[in-house]
Every structure is written in C-alpha cells, then in structure tokens.
Amino acid sequence: MKLPSIESKVVLLGGGIDMASTPLARNPGFALTAINVEPSVTGGYRRTLGFDRFDGRPRPSQSKGYWVMRTDGATALPAASLQAVTWSGGAGVLLHVSGNDAFIGSDSTPTLTAGDHITIGGVSFTLIAAVSRSARTIDDMLLASAAAADWRRSMIGEVPGIGPVRCVVALRDSVFAIRDQSLTVGGLFKATAAGWQAITDFGSSFTVQDGYGIDDGEIELIRHSDSATITAVAQLAADGATGTMFIPQGQSVVAGNVLRSAPASTYAVTLSAALAGTSTLTADTATNMLGGGTIADADAAGWYAYIGGSFFPVLSYKKKDTTTSTVHTMTLWNPHGRTVPTGTALTLYRYSAFCEVVANQGATTLKAGGRYDVAVHNFYGDPTWRRAYLASGVQRCLELREDGRLIPLLANTASPANDTPIKVEAHADHLFLAYPGGQYVHSGAGNPHTWSALLGANSFAVGDEITGMRTSSGGILMITAKNRTIALYGTGSKDWQQKVISESVGVYDGTLQSLFVPIGLSDRGLVRLDRVQEYGDFTLNRLDPADKVQSIIERFRWHASTQVAAANQYRLLSTSGRNLAIKINADDSIEATEFSYGAPVDQIWRYDEQDERNFFTLSGKDGWVYELDDDATSFDGQQIVWLLRLAYSHFGAPSVVKSWRSVAIEQSDSARLRAKIAWSLDYRHGRQFKSESTELDRDGGQDGVWNYSNWNQFYWATEAQDESNIQPLNGHGTSISLAFSGRSASEPNFNLTGLIISYILRRLQRG
C-alpha cells in the first residue's frame, strides 16, 4: 500500500489586514487580525515599535547596561527589587538575580575582583570572580537589561505644570516642551541630563521710530548712552522707520534710548548761531566743517546731528547761496517737535543703522492653551541658525531658538488680536501661516520676520476651514480644508498659482502627511494626491481602493497622524486608542495593521533633522512625554501584547480535505521568538475545530554567554545545539488559519517573513 505523500507550501507573510476580500480570494500571507504587529519594511510582520518616557535623561531602552557580580553562594541573594547595593568606592541598585549572580545597575564602573565584598540590604556578599558584563543565558541578559531600563525609567519625570503637554519640539540637539502653568500662562521647558528645566525668561520687546538702515531680522546695535551692545531681532514697517524689536534675556532698553551702528564718519561742528526753526532747523557755519565735503538732500540718509542730548536727522549741509563762499548752512529735521537746543556746538555722525526707542513693551510671554503645529527650518546659511516655528491658535506664531528664546512673528500688525495662526509650514524659502476662516499668508522670501506685502509677503484665501499644510515633492504646497483641496504652485510672489484640486474632497484635521506622496484622510477614506502631469496637475486617488481596512476607518474618529519614514509608514491615530500603521509600498499598494498603547494618543510631533524622532502624549497621562524607540521592548515598561491571525489558506484546493502536519517558521533575523501558536480550520474561526494554544519557543538554546551591549544581536557567543523551528499541527480541514500571540516587556522584536506548511491531501469535502 502506497503511503500518502506530504505536500509542503510556502506562505510569504505580508500584506496587512484584509477585511474586504472573500475567504477564497485572500492571500494566505495577509492577516485577519494584526494588533500591535506592523508590516516590516523588508517584508513580513514585526512587533510594533515600543516607546519610552522622555525628559532628556538617558533613554531607558538605550541605557540597559548592567554589571554581573558573581557571589560565593554562602548567603542567598535577595529578590531583585532595585535595592541599594554598595561596595568600596561605589554604589548601584540590584536589577536581577540568577542563582549566585547579582546583576547591578550603576553609573560608575566597579573595579571589584574575587574576594571583594558588596552589601545588599545590610548583608555582605563575597565575590568569587571579577566583575563582568556577560550573562550566562539569554534570559538573564534580557531580564537584566529590561530591569536596567526600568531603573533608568524611574528617574524620568513629567513636564511641570497643569493639564496636558501642549507641544514638544526637537531643534537640532535640543528638545523643548510646553505645558500650562496656570489658566492663562504657559511654560517652556528644556530637556537636560537632569530632566525638564524651566526657561523663565524669553526676552522682551520694544517699539522704535526714526529707523534707518534696519532690515527685518537679526541686527546688532550700540546703545549710544553707554556703548552697550544690543542684539535685536527687528520686525519693522515696510518703510523701515517704525516697528518692533525683540531682545534676549539680560538686555534692556528704555524709552528715549538711541540704538545705532558704529559711526562711519564723525565731525565736530561749530554753528555761527543757535539753530532756528521748529520742524526744520537751520544754522550757518563760518567755514566748511566737513573738511571740504557737503551733504546734499539726496545724500543725507544716515547723517545725524547730536546736540543738546538729542539726535536730529540731517537734511543737508551745503554752501549757502551768497557771494561769500565760505558760509555753509546746516539743515536738520525735528520730526517730533523737540525743544530746539540753544547751543552752537554739535557732532555730526554718519551711521549705517539708527533708531530711537519709543516704548518698552515688556517681557515676551507664553499663553496657556492651544494645540500646536510646528515647522523646523533654516532660512539662513549657518547651520546653527535653525529655528522652530510654533502655531497654537491662541497667540502669534513663535520663533523658538535653541537657547529657549521666543520671538513672536508680527504677521498681522493691523489686528494683533486676530494674529493667531493654527498651522505653520516652511515652503519654497517662505514661512506660511494658516488662520481660522480659511486664510493663509506667507513671509517675505528667505526671511520669516518680514510680513509686509511691499517686501514680498502675500496672503490667500481658500473659502473653507484649513485642516493642513504640507510641502510636497515637486515644490508644491498642499493646503487641505474640510471640503476641498488646494495646491500652490510656483516659487514666490511673482509666479504663485493657486489651483483647486478638488471641490468636494477635503482632508480631516491632523491627518495630512507627506511621505513620498501626500496622504490624508477624507470622507471617502484614505486619499493620496499625486502629480499626474508634467507641469504639476493633481488627481485624487484612494489609497485603499480595495477597501481592505475601510471598515476599520469608518468605525473610529481619527484626529492625528504621523509617519515613520524608516519603515515607509503612515500612522493614523484615533480618539478611541485604536490606531493604524499603514506601510506604503513602491507599487502604490498598502499594508495596514493595528496598534494600541492602552490609551489614546492625544498629540504627536515628528522631527527628522538628525535622527527621525516621534514624540507624543497620551490621554489621561498629563505631563508625560513619550518617544518611539526602535530599541524599546515595552510600552514605557508595560508589556506589549500582540496578536497576528493569518488569513485562511487552502493552497489551491478549497474543496479538498487535508491532514495538517506541521509548520516551519521563518524569520529574517537570527532572533528568538517566544509566543503562543494556535490554528483554526475551514473558515470557522474555531467553531468547527480550533487547536489549543501551544508555546512556541525559538531561540536556539540557552548555553550562550550574553553581553548586554549586544542585547538585540541574537547570535550565539559559544557553540550550541540548534533547535528545530518546526511546529507540529493536527486536525483535518480544507483550510487553515494560524494565529500567533505574545506578551512581554523584555523580549526582543521579531520579524516573521514566511511559513512552510506541510499537509496530506485526503479526499474531496462531502456535502
């Protein structure tokens, strides 16, 4: 009698959740359920990224160092609970105990050898070997590493204040957070090695008049009264004569102070008589007091006369119209009706920059409330001049610098109370701000401090409430609204073209992202706005035309999004706490899975200046800032609970009953996988046959020597016997669905890429 042959089929994992295809048509590598599992950039499925709390101290998941202190066993080691450990010249905490091995966390390097002593809870223990950093087993290494992360985590604190964290900003090497300090006042904090440190002084501002030679932006001036240097940021009217300046902490001015450049020329002048006149002042000199030079009306800009303690702009100094050629006339301007000095000695100065302080407006403040949108950009050549721009909806847009200095941007001087932008974006070397009511404006080219139309600023209206602004590939700014989508083409005020892309499809607030294509969530589902013609026309395309996850999208309210560029992921966040990780493939297909952190993500901010960083806050956990981390094996110390249920596989024979024999599991890395595996047959989700879940333990043995510094490189340091990766199956049915699940706060990530399922063909299904 011929024995039946065993068939084997390869199932390549990937594709994400498919809620739309019929059971017979589903790709067997797709998922029916994928929770806290995400599509891997190289194919297959991996556990979703973990995260840690953040305040500037060492990141827990990247600070897993420990020391192994091997004791003589004369006294049993106590259970590990972060007890204090001391030794000659150092101290630490007890992270983990395995037999006679004590795993210690410490900021100092122990130099102990055999025979030395350590003390734990008042009890002395003798070491039988020098301190090392290698564990005997992978389990000890992982548990000690996780405990070290927990120890670091316990030191990290929340942002001081009340209510939720309003904003997190990563600016070069600096990270800032904003949180309300009262019902009216907000606070700014900088992440440091000692945690969140308050910045109590953001600088101050003052108004000026008689401005000359002052461009918007950075300028260094000299206070005439004491020659002190004033470092200011100017935002003046188009004529440059009046406006506002902002100075940093430690500098101050008062009304009447004259700020000017170093003089290019200086002349002592003696008048023949006191100045005469009211608004225009004149007086003669007996000789040419400029060494033979004159000042014509057209060349008077930058010349000032200092007399009687006041500066007066020079209108001219030229030869008097008489037969006596040695007589010259000095003509000054008195625009503010000051008392005319009676003296006859004055000093002429020529400056490249000049202004007079009118009034001190006081310290720059941060208002409470708001929901922040952030753009980080460098409008200048120096890499240290990178700035963050914050739009909150409750105050003017703020420019934030690495030293914590805040500079309000005066985009709407005509109506300061309405200068409360809700969106900000840097595009084509302009800073763009969007306001309630559907208006958006931009600064002058290359200068976020210039907001005069005469100097290149401009404004537009879209006729709907703006929900997003993102610069896209091809040099196009996408402006989305609730019910329409706009694109701005061009490079500046001379060639801007605003085009309506759709009059019926808008994008929900907070869901617009620009990966290699712009993506957002509309009433019709996920949409992408792609260039389809050479000169930049767009068309709206659904990102999920097969509706694989449309039923999930329709179930929840989505309010925020981000991207994980390293994984080609667009992440969509709901108010319920159920979220989608959507991988965008090069062939325009998507792979979507779900993830949940145990609480809804409140706000999220992404930065990619140096390393890609995603900071976020969670509802109900006011004050805490969290950050995604590739190295994290937990959700801020809590277990990651994950489930992957694959689609049913019939392997081309949906009506043939099969005896299921085994499954071999393939991973892309030599990593370990500890999980439970179960399977269901015949599209019944267990109602006809469902296996008991069994333990799946794939790690190649336990005999290696493990070093914490290689905690995520799962290669044996010594020879060990490989264990089989084949899992027995049982049962009879036409199709099979495998489910994998696990929970851990210390296990490393995995990447399941394929299965080899073995079975025996039996007979046609009856009935």
Side-chain angles (χ1 to χ4, degrees), residues 8-18 26-50 138 142 548 564 566-569 580-583 585 589-596 630-634 639-649 651 660-680 691 693-700 712-715 722-729 735-744 746-759:
S8 294
K9 296 292 184 181
V10 174
V11 176
L12 297 179
L13 300 183
I17 299 171
D18 184 355
R26 281 194 183 105
N27 186 313
F30 281 36
L32 298 176
T33 305
I35 299 174
N36 287 335
V37 175
E38 63 186 45
S40 172
V41 69
T42 56
Y45 298 101
R46 69 178 185 181
R47 192 183 59 210
T48 195
L49 294 176
I138 181 176
L142 290 174
K548 291 193 294 184
V564 180
N568 289 343
Q569 280 185 21
L580 285 174
I582 303 170
K583 177 187 170 189
N585 294 319
S589 64
I590 69 166
E591 302 177 39
T593 58
E594 293 186 77
F595 65 97
S596 176
D630 285 339
D631 293 326
T633 59
S634 69
Q639 290 185 332
I640 300 178
V641 181
W642 61 273
L643 170 64
L644 174 64
R645 173 175 286 281
L646 298 174
Y648 281 88
S649 305
F651 301 119
W660 303 101
R661 303 301 299 272
S662 66
V663 56
I665 301 164
E666 179 187 76
Q667 295 193 73
S668 62
D669 300 319
S670 297
R672 91 179 198 165
L673 172 64
R674 287 195 167 180
K676 292 181 180 293
I677 181 173
W679 55 96
S680 299
S691 74
S693 62
T694 60
E695 296 293 334
L696 183 64
D697 191 347
R698 301 286 177 261
D699 62 17
N712 63 344
Q713 299 173 18
F714 299 102
Y715 299 95
D722 290 336
E723 295 183 359
S724 171
N725 68 345
I726 296 177
Q727 172 68 37
L729 302 175
S735 60
I736 188 170
S737 169
L738 294 170
F740 302 88
S741 64
R743 62 173 64 222
S744 174
S746 60
E747 287 294 316
N749 209 340
F750 54 81
N751 190 9
L752 300 176
T753 55
L755 306 174
I756 302 175
I757 298 179
S758 298
Y759 57 90

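Note that this is a predicted model, so its numbers are computed, not measured.
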Test side chain to side chain contact (heavy atoms under 4.5 Å, CB included) applied to Trp679 and Val663, Leu738, Leu646, the passing residue: Leu738

Non-hydrogen atoms of Asn36 and Ser596 that approach each other most closely: OD1-N, 2.9 Å

Glu594 vs Leu580 side-chain heavy atoms within contact, under 4.5 Å: yes

Residue pair Val37 / Thr48, side-chain heavy-atom distance below 4.5 Å: no

Short side-chain to backbone donor-acceptor contact, Lys676 and Phe740, under 3.5 Å: no

Test item: Ser741 and Arg645 side chains (from C-beta on) under 4.5 Å apart, heavy atoms: no

Pairwise distance CZ(Phe30) to CG(Asp18) - rounded to 0.5 angstrom: 6.0 Å

Pair Tyr648-Leu32, side chain to side chain contact (heavy atoms under 4.5 Å, CB included): steps then yes or no: CA-CA 9 Å; Tyr648 281 88; Leu32 298 176; 4.0 Å; yes

Distance, nearest 0.5 Å, that separates CD1 of Ile582 from CG of Asn568: 13.0 Å

Where Leu644 and Ala31 come nearest, the two heavy atoms and their spacing: CD1-CB, 3.9 Å

Ring centers of Phe750, Trp642 separated by less than 6.0 Å: yes

Note, Thr33 side chain near Ile35 side chain (heavy atom, < 4.5 Å): yes

Minimum-distance pair of heavy atoms, taken over all atoms of Asn751 and Gly43: OD1-O, 3.4 Å

Ser744 backbone acceptor or donor facing Gln639 side chain under 3.5 Å: no

Nearest atoms (heavy-atom pairs only) where Ile640 meets Gly50: CD1-CA, 4.2 Å

Value rounded to 0.5 Å, distance of OG in Ser634 from CZ in Arg743: 14.0 Å

Test item: Gln667 and Leu673 side chains (from C-beta on) under 4.5 Å apart, heavy atoms: yes

Polar side-chain atom of Lys548 near backbone of Ile590 as donor-acceptor pair, under 3.5 Å: yes

Ile726 versus Ala664, closest heavy-atom pair with distance: CG1-CB, 4.1 Å

Whether Arg47 side chain and Glu747 backbone form a donor-acceptor pair below 3.5 Å: yes

Check: Gly16 main-chain N/O paired with Tyr45 side-chain donor or acceptor under 3.5 Å: yes

Derivation and outcome, ring-ring contact (aromatic ring centres under 6.0 Å, His included), residues Tyr759 and Phe651: CA-CA 10 Å; Tyr759 57 90; Phe651 301 119; 5.4 Å; yes

Ser758 side chain near Ser662 side chain, heavy-atom distance below 4.5 Å: yes

Salt bridge (charged side-chain N to carboxylate O under 4.0 Å, His left out) involving Glu38 - partner list, sequence neighbours excluded: Arg46, Arg571

Nearest atoms (heavy-atom pairs only) where Gln569 meets Pro39: NE2-O, 3.7 Å

Spacing of CG belonging to Leu752 relative to CD1 belonging to Ile665, to within rounding of 0.5 Å: 7.0 Å

Side-chain heavy atoms of Ile736 within contact of Leu729, under 4.5 Å: yes

Side chain proximity check, Thr753 to Leu12, heavy atoms < 4.5 angstrom: no

